[in-house]
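Worksheet for the structure shown next.
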Amino acid sequence: MDHSNNYTPPQVWSPDTETGGRFASINRPVAGATHDKTLPVGNHSLQLYSLATPNGIKVTVLLEELLALGITDAEYDAWPINILEGEQFGSGFVAINPNSKIPALLDHSTSPPTRLFESGAILVYLAEKFAAFLPAEPSARAECLSWLFWQMGSAPYLGGGFGHFYAYAPEKWEYPINRFTMEVKRQLDVLDRNLAERRFLCGDDYTIADMAVWPWYGGLVLETLYDAQEFLDVGSYQHLNRWAREIHARPAVQRGRRVNRIWGPEEEQLPERHSASDFGE
């Protein structure tokens, strides 16, 4: 690995085993399963295989919000997939998500079971299935989907770009940190300007767009995502902070944050979730 400022790309790229970084051991340039592993199946129609990263939290928050509305068919079993140990490359998981990323969902209420991968697709599927948190009126629906897909397109710059080079890369390099900080600050400003005029991202109603954006950008301004609050001056985004705090206070959000969490204080962890009683509330 060349750490100089004069790196010349080779004619044909090959993996560099010396790159280092937090996720170096599980990154690879090919897809497919690395080992055979059957996934567990619980008693409910909805079987979620995930981890409490921002992308995983989106789905568990929606499921807990649906249950809070009294929609009992949204009951689910949630099983942890430890991505740091490569469990996302097991054959059972790859059969649901050939892209080997969490979250993944199987809906056994259909025959054959419906497989879902990509967090945005899961949110839309569940919102449509249970007719909640996604407006039916065409213009309002379009606004909601626009903000949902804004998140899907924007968060890779926050996570894979800024988060990687600021928090996880083996060395600090000025150019990529500055490049991705510029973009993240722009995104925070996009959200702050929108929320200056609206209670939630799409207006007065709380939707799957809020549930998608909050774990990433709410986590950035309220919690310890990348330990970058001071560096990004997140306190200056007044309206974004107001929105983030309001969503954080929702009981269903507090429950959803805990599901499939396998790190942090023990009282905040719930590696598996099979019923409301698992929360001990």
Side-chain angles (χ1 to χ4, degrees), residues 22-23 26-27 31 39 46-66 76 78-90 93-94 96-107 115-127 133-134 144-145 147-164 167-168 180 184 187 191 201 207-226 228 244 247-248 252-264 268-273:
R22 183 175 177 184
F23 300 104
I26 61 171
N27 289 333
L39 293 175
L46 298 177
Q47 298 293 305
L48 178 67
Y49 305 95
S50 190
L51 196 66
T53 67
N55 284 335
I57 290 172
K58 299 175 193 176
V59 177
T60 50
V61 163
L62 173 56
L63 288 166
E64 292 298 328
E65 291 282 11
L66 291 168
Y76 67 104
W79 308 92
I81 300 295
N82 190 331
I83 60 175
L84 291 178
E85 295 184 359
E87 293 182 356
Q88 70 274 33
F89 301 117
F93 189 85
V94 173
I96 304 175
N97 186 355
N99 196 40
S100 293
K101 304 288 185 181
I102 62 95
L105 179 75
L106 270 181
D107 182 358
R115 77 171 188 178
L116 291 130
F117 57 94
E118 290 298 323
S119 57
I122 298 173
L123 293 181
V124 172
Y125 177 85
L126 293 174
F133 302 114
L134 176 60
C144 179
L145 292 177
W147 281 107
L148 173 62
F149 286 107
W150 176 89
Q151 186 277 317
M152 300 297 291
S154 297
Y157 290 96
L158 171 56
F162 173 79
H164 175 77
Y168 300 144
F180 288 111
V184 169
Q187 293 175 8
L191 292 170
L201 286 176
T207 70
I208 57 172
D210 299 286
M211 299 177 205
V213 172
W214 183 82
W216 282 102
Y217 297 89
L220 192 65
V221 302
L222 294 183
E223 299 179 345
T224 58
L225 186 62
Y226 308 130
I247 293 177
H248 184 272
V253 171
Q254 289 296 306
R255 291 191 295 273
R257 290 178 64 249
R258 291 179 56 193
V259 176
N260 295 148
R261 186 174 295 273
I262 58 175
W263 62 85
E268 295 182 5
Q269 296 184 34
L270 189 65
E272 294 183 15
R273 188 268 188 213

Considering all heavy atoms, the nearest Gly256-Thr60 contact
O-OG1, 2.8 Å
Student check: side-chain heavy atoms of Cys144 and Ile208 closer than 4.5 Å:
yes
Using modelled atom types and a 3.5 Å cut-off, is there a donor and acceptor pairing between side-chain atoms of Gln254 and backbone atoms of His248?
yes
Test side-chain hydrogen bond (donor to acceptor under 3.5 Å, both in side chains) on Tyr125 and Asp107; report intermediate values, then the result.
CA-CA 10 Å; Tyr125 177 85; Asp107 182 358; 2.6 Å; yes
Would you please indicate yes or no on a ring centroid separation below 6.0 angstrom for Tyr217 and Trp150?
yes
side-chain contact (heavy atoms from CB on, under 4.5 Å) assessment of Leu105 paired with Leu126:
CA-CA 10 Å; Leu105 179 75; Leu126 293 174; 4.1 Å; yes
To the nearest 0.5 Å, tell me how far Lys58 NZ sits from Ser50 OG.
10.5 Å
When you look at Arg258 and Gln269, which way does the side-chain contact (heavy atoms from CB on, under 4.5 Å) test go after all the steps?
CA-CA 5 Å; Arg258 291 179 56 193; Gln269 296 184 34; over 6 Å; no
Less than 4.0 angstrom from a charged side-chain N to a carboxylate O is my criterion; do Arg255 and Glu64 meet it?
yes
Heavy atoms, side chains only, cut-off 4.5 Å: are Tyr226 and Phe162 in contact?
yes
Nearest heavy-atom contact between Pro271 and Pro80 is O-CD, 3.3 Å
Do you know the tightest heavy-atom contact between Arg273 and Tyr76?
NH1-O, 3.0 Å
Nearest non-hydrogen partners of Leu158 and Leu220, listed with the distance:
CD1-CD2, 4.0 Å
Side chain to side chain, Phe93 and Lys101, heavy atoms closer than 4.5 Å:
no
So, do Trp79 and Leu48 sit near enough that their side-chain heavy atoms are less than 4.5 Å apart?
no
Does a sphere of radius 6.0 Å around CZ in Phe117 hold more than 12 heavy atoms from other residues, nucleotides or ligands, not counting ones at 6.0 Å or beyond?
yes
Measure the shortest side-chain to side-chain distance between Val253 and Trp214 over non-hydrogen atoms and say whether it is less than 4.5 angstrom.
yes
What's the shortest heavy-atom distance between Pro98 and Ala31, and which atoms?
O-CB, 4.3 Å
Please tell me if the side chains of Val61 and Val259 come closer than 4.5 Å, counting only heavy atoms from C-beta onward.
no
Shortest non-hydrogen separation from Ile57 to Ala52 and the atoms involved:
CD1-O, 3.6 Å
Is the backbone of Ile83 close enough, under 3.5 Å, to the side chain of Gln88 for a donor and an acceptor to pair up by distance?
yes
Apply the test side-chain contact (heavy atoms from CB on, under 4.5 Å) to residues Val213 and Leu191: give CA-CA distance (whole Å), side-chain angles for both, the deciding distance (0.1 Å), then the verdict.
CA-CA 9 Å; Val213 172; Leu191 292 170; 4.1 Å; yes
With side-chain contact (heavy atoms from CB on, under 4.5 Å) as the test, would you mind laying out the steps for Asn260 and Leu270 before giving the verdict?
CA-CA 6 Å; Asn260 295 148; Leu270 189 65; over 6 Å; no
Determine yes or no for a side-chain-to-main-chain donor-acceptor pair under 3.5 angstrom, with Asp210 supplying the side chain and Thr207 the backbone.
yes
Check whether the side chains of Trp216 and Asn55 place a donor and an acceptor atom closer than 3.5 Å, and report yes or no.
yes
Would you mind reporting whether Trp263 and Glu268 have side-chain heavy atoms less than 4.5 Å apart?
no
Taking C-beta and beyond as the side chain, do Leu134 and Leu145 meet within less than 4.5 Å on heavy atoms?
yes
